[in-house]
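Here is the structure we will look at.
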Amino acid sequence: MILKNAKLYGQEGRWNIGVKGEQIKTITPHTSQNETSDVNVIDLQGKIVLPPYVEPHIHLDYALTAGTPRWNQSGSVFEGIEIWSERKQIANETKDDIKKRALKAIKMQLKHGIQHVRTHVDVSDPKLRGLEALLEVKEEIKPWMDLQLVALPQEGLYTKSDGEELLIKALEMGADVVGGIPHYELTREDGVQSVLKALELAVKYDKLVDIHCDEIDDDQSRYIEVLAGESLKLGMGDRVTASHTTAMASYSNAYTYKLFQTLRKAKIHFVALPKANLHLQGRFDNYPTRRGLTRVKELLNEGINVCFGLDSIMDPWYPLGDGNLMDVVDTGLHACHMTDHDHIVTALNLITTNGAKALGIEEGYGIKEGNKANLIVIDSDSEYEAIRTQATVLYSIRNGKVMVETKPAETTIDVPGLLW
Ligand code: 17E
Ligand code: FE2
């Protein structure tokens, strides 16, 4: 297959991408003289080709459950956790029920050009049904999507006596990443201990770490300094991700200055979830209401890796969402005051290379000769216009085969007599 007349994201010129089998074989300059005997040629007409989108943070075991058994009235993180706990007992879903919901959500993600996903999975359920379901989904979906599973003790590691045992069991069953939720533990000390335990288990079981960290509008919630500081001491920062960190929006600048010194050295990754946290945070504020987003622009400015994720597709925490990361980028650029030209034209890094770094999948990721032919084509020939118009994903190609194709909508406007 030849993908001819492609613009490569972030690069000048037009290119022909030769795909052989599952691999990108050649990338050569496109000229009008290029002739080929290959029957399978797609003329991209200058549209942007980029590596597949990376969803670094979603909860597939929660997807499509919003409103059952009840809607989240306060819109807060904590009511979401309560509802999920109630639902687990009442709904009594089988593994197959959970798989079905997860796969429906995955279909939405595939449609939007996502091929790499890290999903958090609740391991507070003594039966570990969600994990069993997602372990099977991970295997079944492998030809089309790479899935990483985070063992998340959603109801806290130390709020019940079996928390630690369940987390360890989840890691032994095959979860890839150790999770945590320190701001939900009963005491500050338990929160600190849960972070230390996650790092200890990651070393012991050779796993990555991704903590729901400081997802609260409390300027005193400072588990990020524990996570970053201890990762630094252990020399494992690049294997560690801090998700949410919304309390950072409430820290004083003086404390943040000191914190950033540690973050720069620790080299941990950050996942910001602009749509979810604009919705969930600020719920205990009057006006002015805080946005409750981590300091994305400032972190990036310090050379710290930040990526964007969606978090939810219709669950007790967030009632909307259809998997679309371009929409997350749009919201995030607005919410983080990143609507200047430089941030716009590089915004897709937030859902491609930056996400790949956080997930530790950089090797083999990218449009390069010799890499797997995993790529997407979006409906725009400029980085700026791609963001302005929230360009549709026209093709998602996986292992050299077209997996998803979307025809752009066509509009006709019958308004004669104007100089458009
Ligand atoms: N769990 C949690 O603690 N926070 C969230 N935002 C979601 C699940 C979606
Ligand atoms: Fe989350």
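All heavy atoms count here, side chains included; hydrogens, waters and symmetry mates do not. Predicted model only: the values in this text are computed from it and were never measured.
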- Task: Evaluate the side chain to side chain donor-acceptor pair (under 3.5 Å) criterion for residues R129 and T94: first the C-alpha distance (whole Å), next the side-chain angles of each, then the deciding distance (0.1 Å), finally the verdict.
- Result: CA-CA 7 Å; R129 280 168 298 188; T94 64; over 6 Å; no
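- Side-chain atoms of S124 and Q154 include no donor-acceptor pair closer than 3.5 Å.
- The closest side-chain donor-acceptor pair between E155 and Y184, if any, does not fall under 3.5 angstrom.
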- Task: Apply the test side chain to side chain contact (heavy atoms under 4.5 Å, CB included) to residues M403 and L110: give CA-CA distance (whole Å), side-chain angles for both, the deciding distance (0.1 Å), then the verdict.
- Result: CA-CA 9 Å; M403 168 172 62; L110 287 177; 3.9 Å; yes
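- The closest donor-acceptor contact from the side chain of D340 to the backbone of H343 lies under 3.5 Å.
- A donor-acceptor pair is defined here as one N or O able to donate and one able to accept, closer than 3.5 Å; no such pair exists between the side chain of D43 and the backbone of N5.
- Between W317 and Y62, the ring planes lie parallel to each other; the angle is under 30°, not in the 30° to 60° tilted range.
- Panel note: side chain N374, backbone N399; a donor-acceptor pair is recorded below 3.5 Å.
- Y384 and H341 have parallel rings, their planes meeting at less than 30° on a 0 to 90° scale where 60° marks the start of perpendicular.
- With 3.5 Å as the limit, one finds a donor-acceptor pair spanning the side chains of R295 and N253.
- Remark: of the listed residues L196, V192, V195, L232, V195 is the sole one forming a side-chain contact (heavy atoms from CB on, under 4.5 Å) with L227.
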- Query: Run the side chain to side chain contact (heavy atoms under 4.5 Å, CB included) check on K7 and K47 step by step: do they pass?
  - Reply: CA-CA 6 Å; K7 171 173 165 53; K47 308 273 178 183; over 6 Å; no
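- Side-chain atoms of D214 and T245 include no donor-acceptor pair closer than 3.5 Å.
- Residues T26 and E369 have side chains that never bring a donor and an acceptor to within less than 3.5 angstrom of each other.
- The closest side-chain heavy-atom distance from L3 to I397 is below 4.5 Å.
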- Message: With side chain to side chain contact (heavy atoms under 4.5 Å, CB included) as the criterion, how do M326 and I387 come out once you've worked through the C-alpha distance, each side chain's angles and the decisive distance to 0.1 Å?
- Response: CA-CA 8 Å; M326 182 61 95; I387 299 300; 4.1 Å; yes
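- Put simply, the residue from R398, K372, K138 that forms a salt bridge (Lys or Arg N to Asp or Glu O under 4.0 Å) with D146 is R398.
- Side-chain atoms of T65 do not come within 3.5 Å of backbone N or O of T68 as any donor-acceptor pair.
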- Task: Begin with the C-alpha distance, continue with both residues' side-chain angles, and end with the deciding distance and a verdict on side chain to side chain contact (heavy atoms under 4.5 Å, CB included) for I17 and T28.
- Result: CA-CA 7 Å; I17 303 170; T28 49; over 6 Å; no
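- With respect to V209, the side-chain contact (heavy atoms from CB on, under 4.5 Å) criterion is satisfied by exactly one of M236, H269, R239: M236.
- Salt-bridge annotation for E225 and R222: absent, with no side-chain N of the basic residue lying under 4.0 Å from a carboxylate O of the acidic one.
- Using a 30° and 60° split on the angle between ring planes, H279 and Y318 fall in the perpendicular class, above 60°.
- E55 places a side-chain N or O within donor-acceptor distance of the main-chain N or O of L310, the cut-off being under 3.5 Å.
- Taking the six-membered ring for Trp and thresholds of 30 and 60 degrees, Y255 and Y251 have ring planes more than 60 degrees apart, a perpendicular arrangement.
- Between H116 and Y365, the ring planes are perpendicular. Angles over 60° get that label, and only those under 30° would be called parallel.
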